[in-house]
Structures are given as C-alpha cells and as structure tokens.
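Below is one structure, written out as structure tokens, with a few remarks after it.
Position 1 is the first residue of the sequence; numbering continues from there.
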Amino acid sequence: ATHTTSLSEADFFNVVKTGFAHKRKVLIKNLENLIPRDVLTQKWQEIGLSQTVRAENVTLEQWKIIAQLLH
C-alpha cells in the first residue's frame, strides 16, 4: 500500500510521545496542547474512540489517524 500522507516519522512519534506524557490523564487531554480540543472530539467520534480512552488502549492505526490531524 502506498502512503499518500505527508506525515513524517518525527511528527508521528511526537504525537505518540505526547499522548503518553501523563499516564493518569485521558488521551484527549494530553493531546489538546498539540491539536485543538474540538478537532480531537470530532475525530474521536469518527474513528469510534471513547472520550476517556487512554494512550495505551489506542491501536497503531488509530495513532496514525490522530497524528495526521497535525497537518
């Protein structure tokens, strides 16, 4: 499969690292410093994530979708 996304490896890992930064917080809270909260909320609904999901419960595919929100 070819990737048409311009997501760099550095951007991807930055999002993942930020997502895991505060283990006791829900993921959406950790990422709102990088991505506006309303954008995250909308994307969570689209990909079927709970608003209270934690970083360790997100699949690799979901991480890729989340990381692409930076662009």
Side chain to side chain donor-acceptor pair (under 3.5 Å) against T52, all qualifying residues, sequence neighbours excluded = S50
query = With sequence neighbours excluded, what pairs up with Q42 under the side chain to side chain contact (heavy atoms under 4.5 Å, CB included) test?
reply = E46
request  = Quick one: pull up CD in Q51 and CG in L27 and give me the separation to the nearest 0.5 Å.
outcome  = 10.5 Å
inquiry  = To check you understand the geometry: which heavy-atom pair defines the closest contact between I47 and Q62, and what is its length?
reply    = O-NE2, 3.9 Å
key: Partner residues of F13 under the ring-ring contact (aromatic ring centres under 6.0 Å, His included) criterion, sequence neighbours left out   = none
query = How many angstroms lie between atom CD1 of I28 and atom CG of L40, to the nearest 0.5 angstrom?
reply = 5.0 Å
message = Once salt bridge (Lys or Arg N to Asp or Glu O under 4.0 Å) is applied, do any residues pair with E61, and if so which ones, sequence neighbours excluded?
response = K64
inquiry  = By the ring-ring contact (aromatic ring centres under 6.0 Å, His included) test, which pairs, at least two apart or in different chains, include something from residues 26-60?
reply    = none
Minimum heavy-atom distance G19-A55, with the two atoms named = O-CB, 3.3 Å
key: Check: F12 and L60 side chains under 4.5 Å, non-hydrogen atoms   = yes
query = What side-chain hydrogen bond (donor to acceptor under 3.5 Å, both in side chains) pairs are there with at least one residue in residues 26-35, not counting sequence neighbours?
reply = K29-E32, E32-R37
request  = Write out all pairs satisfying salt bridge (charged side-chain N to carboxylate O under 4.0 Å, His left out) with one or both partners inside residues 8-28, taking only residues at least two apart or from two chains.
outcome  = none
task = Could you pull out all residues at least two apart from V15 that satisfy side chain to side chain contact (heavy atoms under 4.5 Å, CB included)?
result = L31, L34, W63, I66, A67, L70
